[in-house]
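Here the structure is laid out as C-alpha cells; the discussion comes afterwards.
The shown structure was predicted, so the numbers you read here are calculated from the model rather than taken from an experiment.
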Amino acid sequence: MINKKKIVAIIPARAGSKGLKNKNIKIINKKPLIYWSINSLKKSKYIDKIIVSTDSKKIKDIAQSFGADTPFLRPKKISTDKAKSFDVIKHCLKFLKKQNENFDYIILLEPTSPLTTSFDIDNALRTLDKNKNADSLVSIAENINCHPTFNINLNNKGIIKPYLKKLDGPRRQDLSKLFFYCGNIYISKIKTLLKSKSFYQKDKTIGFKSNKWQSLEIDDIYDFIFVESVMKYKKYK
C-alpha cells in the first residue's frame, strides 16, 4: 500500500514458449526464472498482493512455493501466444472483484525481465503516485545501439541504402536521445487501465528510465545466457 492505495502485482507466466522451451521455469542463477520477479515483489515495501496468472499446474505450484498467490488456472483462450496482456489482466481483476478484493494500482512484471529489483519497483510506484498529472508508468531504456540513424535498408541487389536521408557516420554522443519500451515495469491506476485497455495512456504516462543492463529481456537462449551472466556479475541472490 502506498498513501492508503492498495496495489496488486500480476506476473503473467503461460506454459507455451516458442523461443525457449519452458523458459518461465528454466533454472537461471540457481533459481527458476519466475522466482526473480516474485522475489523482487515480495521485497517491495508497497505490494499488497502478488498473483501469478498461468495455465500450467507446474508453474502454479512453483510460483506458490515461492510465496505468490495462484488462485486459478488461466483459461486456454487467453493463454495462446496471440493473447493480449490486457485480457490476462482483465481476467485477473474480474476474479479478484468476485472475491471482494479491490485495488487502486496494478503493476505488471514479466518473468522474462528478471533484472528488475524491489528498489526499482518501489521507486517507480513512488514516482507515479506523487505525479498528479499521470495515470500510468512504463519502463524505458535509452536506444543507443539501435538508434535509427545507424539503421540501413538493402535494395534487391544487396546494396546498402540509408534508412534516413543520409548516412555519414555521426558520433553517438552527437545524437539526440531516443528511448524504447524495455518491458521491465508496467504500472497503472486500475480505473484508467480498464478504460484505455493499455498501460500507455496518451499524455498521462510517465517514462521510467531503466539501466541498459536491466533492459535485457529473455526471448531465446542467447538472451538467457546474457542475463545469467549479468546476474552473476552483479551477484544477484
Side-chain angles (χ1 to χ4, degrees), residues 1-14 24 34 37-38 40-41 44-55 63 68-113 116 118 120-141 143 178-210 214-215 217:
M1 187 176 291
I2 186 169
N3 289 330
K4 298 182 179 180
K5 296 164 190 168
K6 291 185 68 178
I7 303 164
V8 60
I10 297 177
I11 302 174
R14 68 186 184 89
N24 286 322
I34 197 170
S37 297
I38 295 171
S40 292
L41 288 164
S44 166
K45 298 175 183 177
Y46 306 121
I47 303 300
D48 296 289
K49 195 176 190 71
I50 305 168
I51 290 185
V52 170
S53 174
T54 183
D55 59 328
D69 288 319
T70 56
F72 54 76
L73 282 175
R74 194 196 306 174
K76 290 182 179 179
K77 65 181 180 180
I78 54 171
S79 299
T80 67
D81 56 354
K82 294 182 180 179
K84 296 180 179 179
S85 294
F86 176 75
D87 293 329
V88 175
I89 293 167
K90 186 179 178 181
H91 169 263
C92 186
L93 293 176
K94 188 176 181 179
F95 175 88
L96 290 171
K97 190 173 182 179
K98 286 182 178 179
Q99 306 301 312
N100 293 317
E101 293 189 77
N102 296 296
F103 298 86
D104 301 287
Y105 283 118
I106 180 172
I107 176 169
L108 182 76
L109 240 59
E110 300 277 3
T112 48
S113 296
T116 303
S118 59
D120 301 319
I121 293 166
D122 289 349
N123 192 18
L125 283 165
R126 286 191 295 266
T127 299
L128 178 58
D129 189 60
K130 72 181 181 182
N131 192 314
K132 305 306 178 185
N133 298 313
D135 291 333
S136 65
L137 176 150
V138 296
S139 57
I140 59 173
N143 194 339
L178 294 177
F179 299 87
F180 65 94
Y181 297 119
C182 59
N184 295 23
I185 303 173
Y186 300 89
I187 308 174
S188 179
K189 294 177 180 177
I190 290 178
K191 287 183 179 179
T192 313
L193 179 65
L194 291 175
K195 284 182 180 180
S196 65
K197 299 182 181 181
S198 172
F199 282 95
Y200 173 70
Q201 296 151 17
K202 189 176 180 181
D203 299 325
K204 290 285 187 177
T205 302
I206 297 171
F208 185 74
K209 295 179 184 177
S210 297
Q214 288 181 296
S215 69
E217 185 177 6

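For the atom pair L41 CG and I51 CD1, the distance stands at 11.5 Å (nearest 0.5 Å). The structure places CZ of F180 at 6.0 Å from CG of N143, a figure rounded to the nearest 0.5 Å. Here the CD1 atom belonging to I107 is positioned 5.0 Å from the CD1 atom belonging to I121, to the nearest 0.5 angstrom. Atoms OG and CD1, on S136 and I187 in that order, are 9.5 Å from each other to the nearest 0.5 Å. Here the OG1-CD distance, from T112 to E217, works out to 4.5 Å after rounding to the nearest 0.5 Å.
Contacts of E101 classified as salt bridge (Lys or Arg N to Asp or Glu O under 4.0 Å), with partners at least two apart in sequence or in another chain: K49. Every side chain to side chain donor-acceptor pair (under 3.5 Å) that S44 has, sequence neighbours left out, goes to D122. Taking T54 as the reference, nothing meets the side chain to side chain donor-acceptor pair (under 3.5 Å) condition, with sequence neighbours excluded. Residues satisfying the side chain to side chain donor-acceptor pair (under 3.5 Å) test with S113, not counting sequence neighbours, are none. Checked against side chain to side chain donor-acceptor pair (under 3.5 Å), E110 has no partners two or more places apart in sequence or in another chain. Here S139 pairs with C182, N184, I185, S210 under the side-chain contact (heavy atoms from CB on, under 4.5 Å) rule; sequence neighbours left out. Take T70 and apply the side-chain contact (heavy atoms from CB on, under 4.5 Å) test, not counting sequence neighbours, and it matches V52, K60, A63, Q64.
Across all non-hydrogen atoms, the minimal contact from A83 to S79 is CB-N, 4.1 Å. Summarising the geometry of F86 relative to L193, their closest heavy-atom pair is CE1-O, 3.6 Å, with the distance given to 0.1 Å. The two atoms that bring R14 and D55 nearest to each other are CA-OD1, 3.1 Å, heavy atoms only. Closest of all the heavy-atom pairs between I11 and P111 is CG2-CD, 3.6 Å.
D48 contributes a side-chain N or O that, together with a main-chain N or O of M1, makes up a donor-acceptor pair within less than 3.5 Å.
Residue pairs meeting the salt bridge (Lys or Arg N to Asp or Glu O under 4.0 Å) criterion with at least one member in residues 198-208, sequence neighbours excluded, do not occur. The stretch residues 83-100 participates, sequence neighbours left out, in no side-chain hydrogen bond (donor to acceptor under 3.5 Å, both in side chains) pair at all. Judged as a salt bridge (Lys or Arg N to Asp or Glu O under 4.0 Å), the pairs with a partner in residues 182-193 (not counting sequence neighbours) are, in order, D135-K189. Legend: ring pair (Phe, Tyr, Trp, His ring centres under 6.0 Å) pairs involving residues 190-210, not counting sequence neighbours, sorted by first then second residue: Y186-F199.
Using a 4.5 Å heavy-atom cutoff, the side chains of I7 and D104 are not in contact. L137 is not listed as a side-chain neighbour of T205, based on a closest heavy-atom distance of 4.5 Å or more. With a 4.5 Å cut-off on side-chain heavy atoms, I38 and L109 do not count as touching.
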Inset, instruction - Please test Q214 against T116 for side chain to side chain contact (heavy atoms under 4.5 Å, CB included), starting from the C-alpha separation and ending with a verdict. - result: CA-CA 7 Å; Q214 288 181 296; T116 303; 5.6 Å; no
Anything under 3.5 Å between a donor and an acceptor, one on a side chain of residues 124-133, the other on a protein residue two or more places apart or in another chain? List them.
unit_1 : atom_1 : unit_2 : atom_2 : d
R126   : NH1    : Y46    : OH     : 3.1
T127   : OG1    : N123   : O      : 2.7
D129   : OD1    : K5     : NZ     : 2.8
D129   : OD1    : Y105   : OH     : 3.0
D129   : OD2    : N3     : ND2    : 2.4
N131   : OD1    : N133   : N      : 2.9
N131   : OD1    : A134   : N      : 3.3

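For the residue pair S53/R74, the side-chain donor-acceptor check at 3.5 Å is satisfied.
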